Trainee: 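There's a structure below that I have some questions on.
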Amino acid sequence: MLFSKYIGIFKNPVKTWEKQLNTIAERLKLWFLVQRKWMYLESIFVGADNIRLKLPEEAKKFDDDELISIMGSSNPSSIEPHLLKVFDNVKHLGLGHGKKIVVNMESSEKESFHLVCSVAIDNSVELWMTKVEEEMKQSLCSITKEAILIC
């Protein structure tokens with residue numbers, strides 16, 4: 001677009017958009033690389049007993065005991081210590097209405113966003129956590145669309 005003869009007054013906004021899109025593309029590329037490496041390492045530590053024995057501290061990061069701990073309780077405060085392993089960089093769930101609904105999510109860096117629709121904590125943990133994940137995706141999609149329209 002920058003090489004179009006009709007760019008004229010749109011040159012500066014187009015440059016800004018190009019810079020922002022390149023930044024997003026680089027971050028996504030890095031994010032996908034980290035996820036690929038994580039999946040590779042997870043299969044090694046979970047699947048290979050001899051590696052678990054040689055590297056016990058590292059293997060603890062991928063241990064099934066945490067999953068049992070999460071599944072055994074629907075109390076959000078007991079699940080919160082495991083959030084970083086369940087969701088990418090989600091450290092805290094914001095609760096409302098007497099800790100009966102999830103209203104927002106917060107990262108380790110204290111960045112947060114509100115869920116478009118709050119999620120009730122009324123079923124087994126796997127059901128409401130699945131709803132939280134679905135609503136997280138929908139909310140982030142909505143936030144991203146809104147940001148694009150504003151820019």
Side-chain angles (χ1 to χ4, degrees), residues 12-151:
N12 287 335
V14 168
K15 282 184 178 180
T16 301
W17 270 97
E18 183 181 44
K19 182 179 177 185
Q20 290 174 343
L21 290 173
N22 285 334
T23 301
I24 291 170
E26 279 297 315
R27 289 185 179 161
L28 284 174
K29 191 175 169 182
L30 183 61
W31 187 10
F32 291 140
L33 175 68
V34 169
Q35 285 183 330
R36 276 195 307 272
K37 287 183 179 183
W38 179 267
M39 288 171 51
Y40 171 75
L41 290 172
E42 183 179 31
S43 66
I44 290 172
F45 284 108
V46 171
D49 289 331
N50 61 342
I51 292 178
R52 279 188 182 178
L53 295 173
K54 291 179 184 175
L55 302 169
E57 291 302 314
E58 289 78 4
K60 286 180 186 175
K61 295 178 184 175
F62 302 96
D63 207 331
D64 292 336
D65 293 339
E66 291 172 342
L67 183 59
I68 293 169
S69 172
I70 291 170
M71 300 300 281
S73 173
S74 62
N75 181 358
S77 61
S78 65
I79 294 168
E80 200 159 270
H82 308 290
L83 283 175
L84 285 170
K85 293 180 182 176
V86 177
F87 298 113
D88 286 338
N89 200 22
V90 174
K91 188 172 183 176
H92 176 71
L93 295 177
L95 306 174
H97 294 293
K99 297 187 178 185
K100 300 268 188 217
I101 61 170
V102 179
V103 294
N104 74 342
M105 298 176 96
E106 186 177 295
S107 73
S108 301
E109 294 81 20
K110 304 287 186 209
E111 297 171 325
S112 65
F113 67 94
H114 288 276
L115 299 176
V116 173
C117 297
S118 58
V119 176
I121 303 171
D122 57 1
N123 297 325
S124 61
V125 66
E126 61 271 15
L127 294 177
W128 68 261
M129 288 292 283
T130 299
K131 290 178 185 175
V132 167
E133 180 183 21
E134 291 168 1
E135 186 55 37
M136 173 187 69
K137 291 175 186 177
Q138 291 295 324
S139 296
L140 289 173
C141 183
S142 176
I143 291 167
T144 303
K145 284 180 182 176
E146 184 180 335
I148 290 171
L149 291 176
I150 291 173
C151 294

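Quantities reported herein were computed from a predicted structural model and do not represent experimental measurements.
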Trainee: If you take all heavy atoms of W128 and A120, which pair is closest and at what distance?
Mentor: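 Nearest pair, atom of W128 first, then A120: CB-O, 3.6 Å.
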Trainee: Does the S142 side chain pair with the main chain of Q138, one donor and one acceptor, at a distance under 3.5 Å?
Mentor: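 The answer is no, because no donor-acceptor pair under 3.5 Å joins these two groups.
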Trainee: Could you give the distance from CD1 (I148) to CG (L21), rounded to the nearest 0.5 Å?
Mentor: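 Output value for this atom pair is 8.0 Å.
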Trainee: How far apart are the C-alpha atoms of R27 and T23, what are their side-chain angles, what is the distance that settles it, and do they pass the side chain to side chain contact (heavy atoms under 4.5 Å, CB included) test?
Mentor: CA-CA 6 Å; R27 289 185 179 161; T23 301; 3.8 Å; yes
Trainee: Does a side-chain heavy-atom distance below 4.5 Å link I121 with H97?
Mentor: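 Of all side-chain heavy-atom pairs linking H97 with I121, none is under 4.5 Å.
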Trainee: Which residue, V90, V86, V119, forms the side chain to side chain contact (heavy atoms under 4.5 Å, CB included) with V132?
Mentor: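 Of the listed residues V90, V86, V119, the side chain to side chain contact (heavy atoms under 4.5 Å, CB included) partner of V132 is V119.
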Trainee: Can you tell me how far CD of E26 sits from CD1 of I24, rounded to the nearest 0.5 angstrom?
Mentor: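 Those atoms lie 12.0 Å apart.
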Trainee: State, to 0.1 Å, how close L115 and E135 come at their nearest heavy-atom pair, and which atoms those are.
Mentor: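 That would be CB-CG, 3.9 Å.
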Trainee: Between E80 and K91, which heavy-atom pair has the shortest distance, and what is it?
Mentor: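 What the structure gives for the nearest pair is CG-O, 3.4 Å.
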Trainee: Less than 3.5 Å apart, which donor and acceptor atoms pair up between the side chains of residues 101-109 and the rest of the protein, not counting sequence neighbours?
Mentor:
unit_1 : atom_1 : unit_2 : atom_2 : d
N104   : OD1    : G94    : N      : 3.0
S107   : OG     : E109   : N      : 3.2
S107   : OG     : E109   : OE1    : 3.3
S107   : OG     : E111   : N      : 3.1
S107   : OG     : E111   : O      : 3.4
S108   : OG     : N89    : OD1    : 3.0
E109   : OE1    : N89    : ND2    : 2.7

Trainee: Who passes side chain to side chain donor-acceptor pair (under 3.5 Å) against H114, sequence neighbours left out?
Mentor: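 Checked H114 against side chain to side chain donor-acceptor pair (under 3.5 Å); zero matches.
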Trainee: To the nearest 0.5 Å, tell me how far L93 CG sits from F87 CZ.
Mentor: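 Output value for this atom pair is 7.0 Å.
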